[in-house]
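One structure is given here, and the rest of the page talks about it.
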2 protein chains.
Amino acid sequence: MSMPLAVRQMNEARVLARLLNVGPMSRADLARELDVTRSTAGSIVASLIEAGKVEEFDPKAVPGLNPGENHPIRTGRPAIQLRLIPDHALFLGAYIGARELRLCVVDFTGTVRHSFVERLPKVYPSPEDIAQRLADMVTTFVSTLPMPATVRGINVAVPGIVDFGGDILRAPSMNWRRTSFREMLQQRLTGICVHRLVNDANAFAMAEIQRLDAERSQEAVFLLLEDGVGGCVQSGGQLLEGTNGLAGEIGHMPVGDGGHCSHTGIAGAFENYVSRPAVLAHFSNLGGIGTTLGDYLDRLDAGDPLAQTVLDVWANDLSRGLAILTVLLNPERIVIGGRVAQLAKRAELQIATCLQQRLMAETPPPALLVPEAGEAGPEIGAALMLHRAHFEDFGPLGEFQSLSIG
Amino acid sequence: MSMPLAVRQMNEARVLARLLNVGPMSRADLARELDVTRSTAGSIVASLIEAGKVEEFDPKAVPGLNPGENHPIRTGRPAIQLRLIPDHALFLGAYIGARELRLCVVDFTGTVRHSFVERLPKVYPSPEDIAQRLADMVTTFVSTLPMPATVRGINVAVPGIVDFGGDILRAPSMNWRRTSFREMLQQRLTGICVHRLVNDANAFAMAEIQRLDAERSQEAVFLLLEDGVGGCVQSGGQLLEGTNGLAGEIGHMPVGDGGHCSHTGIAGAFENYVSRPAVLAHFSNLGGIGTTLGDYLDRLDAGDPLAQTVLDVWANDLSRGLAILTVLLNPERIVIGGRVAQLAKRAELQIATCLQQRLMAETPPPALLVPEAGEAGPEIGAALMLHRAHFEDFGPLGEFQSLSIG
DNA sequence: GGTTTGTTTGGTCGGAAAACAAACATAGCC
DNA sequence: GGCTATGTTTGTTTTCCGACCAAACAAACC
């Protein structure tokens, strides 16, 4: 790519990122924020309007933007607001759950437009079966679109270990091993690029990053407490991937000698202490009644002392893992997600206290966040990763990635 | 900064990085590697020669470059080789050890030019004392230079916890707490910028990165096993710093309930199992004879079964920490440094086996490296961090850092 | 001659700077 | 109230510069 074109492409991407993360603004605003002249900003915006990515609009004509606000007696010529055209591009994200298949559609502005769920009948569906069902869901949705070409691709979140090539190395909840699922799905989807497979914890993390704040926190750790324990490390705004894309397997950390259950066969693994099966096994071993997490939570809220003991031990075990993450990565925040996070909500103070005891006085403890009701699903994160890939498609000059904003 | 100038500055930096990391080459080589035309490469090189950073030279005139090599019957006009001018800039790095003060000088090509060591008489010197001694060392050295202006600054490696502001939060080996050492030193040094204070493990990691290979490995973890256990995570080529610059305190990871000693007062901390005091305490508790690491190693090499037991336990404990790092970060390699790494050299196979047992079959184990004799010191790493900061002083266009290649 | 290197010349493109035109708000005056 | 002058901010136009590219050319070897 020739140099001047590269500069222009980068500046276009910077304008798009600004409109995405900050919201609608005028050419003059863009010029100020990007530190270019108004004429340059005008030129870039003209290109983007030409390409159908951006449009002018009148805030007063939009009922949603409560009028009266944003008008602190503005003098001078009124600005023309600019915004991304939502329908310019659509990004698909899917999640292969143990019992259901989820698909969502995110538009150019990063907002979720559609969601689809299909329950899976069989206990251990084959990869081919899943690929076919997912492909059918996608093609059914795409056929409803007036402009199918706006679909830019699909990312798939998988509850297991995925490598860079798109192979699933292991998905315990479905009993899969070494499956080249990406290729399998791509063969069943014509005209739609299967961009990449991602770990479900990474996808969850991306969705939470978007939900909590667009780009404020740069250093965070995300935990996904389910039947296994997944995780994801955000550093410098990026998600750590590791050499083979296998980073973040927090649940496999050997933190002790035993545990309450054995999920993956690794002795003393973190998830043997704090995952859903671990909580239930512990509760049951102590003589507790109930076989589901809901049962346990009911007992806990009813004041069952056994349940309380399980919670105390759980909080202590969790804090050990959090301490490891804290001293190693010094995150600004740790987000605890997944169904088991409901225990964390009931022991927040306890976890924080235990964590602090395991840290030196000089180590600032991270903020612990437990998402309330509006927890975002992995499929949204998967779609957002694709969305973000399109917007982040520029780096140091001359090192452009393969994707194009096109 | 205006745009065209920014592009030029970045290309100049790219040329410098090439000459630094790959070695001397011609304008045509640069044009090919950077994907610009020969005319552009020539223009950039002319600027750099003008600035006194680069020079032409004749390889045949240099005795060091064994002739006959690099001449596989080359046709066409012979190329003029270009290289960095070593004396263009000098970078200082210091290390505040428990018993000595170390200073080294690195030139523009990243090679160590001078080293100075001063033994410290007092057991717990005050920060002011150290600052004054270090300032004296630096000014003494600078006064020997014909061109003092080539000194671009100094980085100081500290065996303790350092935050971004240059404050030392805690340095157990010297019994320091909350000392604004950077300011203290800067006041005693006129004309030389005290760039930053760095953790000694991070500095060690930087030196090893340079020594092992300039930029091949992007994902690695470095351990420094001494009286405490420091560490450093390299991801995407960068060293992880964390929110407050406190990342990498691997020794403080709570990996168990006890340990053989208590270095920092954190129960079950990793360094209570694998640091030098831990090894000696364990050996002594079992009835072993000897009070220094050298004594222990002598017993071990003599076939003392007690010493062997200590080694076995040590390797097992170490592998647990390595497993945590591996599943969390998926590094390509783990470098085990420090004096205690001599144990690792004697148990390499054992460590690798224990580590593999703690990982899932799908997780590729990292390569374990134990530096041989030529272990680089933290002061070299500190200087190299400053050196690298000058060369990495460009990123996405329009987001330039404060440093200039000047 | 063939080949590779390094330089020169003309051209293109993106952005900066400054002037200009447009679209308001306000103030003042009738 | 109606009208005009003024000030302010926005968006566009014009002119210019600097960086790179493409192609031709000169130089230095085999």
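Throughout, a chain's letter reflects where its sequence line sits, starting with A, and its residues are numbered from 1.
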| Would you say the ring centroid of His195(B) lies under 6.0 angstrom from that of Phe91(B)? |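 No, the ring centres sit 6.0 Å or more apart.
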| message | Can you tell me how the ring of Phe391(A) sits relative to the ring of Phe108(A), calling it parallel under 30°, perpendicular over 60° and tilted otherwise? | response |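 Phe391(A) vs Phe108(A) ring planes: tilted.
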| request: Answer yes or no: are there more than 12 heavy-atom neighbours, outside Glu55(A) itself, under 6.0 Å from its atom CD? | output: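 Correct, the count exceeds 12.
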Check the distance between [N]'s [atom2] and [X]'s [atom1] and give it to me in whole angstrom.
| X | N | atom1 | atom2 | answer |
| --- | --- | --- | --- | --- |
| Arg8(B) | dC20(D) | CZ | C1' | 9 Å |
| Leu30(A) | dG15(C) | CG | C1' | 16 Å |
| Leu34(B) | dC20(D) | CG | P | 11 Å |
| Asp58(B) | dA28(D) | CG | P | 14 Å |

| query | With no hydrogens and no angle check, is any side-chain donor or acceptor of His88(B) less than 3.5 Å from a backbone partner on Leu84(B)? | reply |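 Absent.
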| Pick one: which of Ile380(B), Thr111(B), Leu90(B), Leu20(B) meets side-chain contact (heavy atoms from CB on, under 4.5 Å) with His387(B)? |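 Looking at Ile380(B), Thr111(B), Leu90(B), Leu20(B), the match for His387(B) under the side-chain contact (heavy atoms from CB on, under 4.5 Å) is Leu20(B).
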| request: Mind checking the CG-OG1 spacing from Leu34(A) to Thr40(A)? Nearest 0.5 Å is all I need. | output: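 Going from CG on Leu34(A) over to OG1 on Thr40(A), the span is 10.5 Å.
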| task | Produce a footprint string for nucleotides 6-12 of chain D: one letter per nucleotide, 5' end first; B if the base is under 4.0 Å from any protein heavy atom, S if only the sugar-phosphate is, - if neither. | result | --BBBBB
| message | Would you say Asn11(A) places a side-chain N or O within less than 4.0 Å of OP1 or OP2 belonging to dG14(C)? | response |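 Answer is no, no contact under 4.0 Å.
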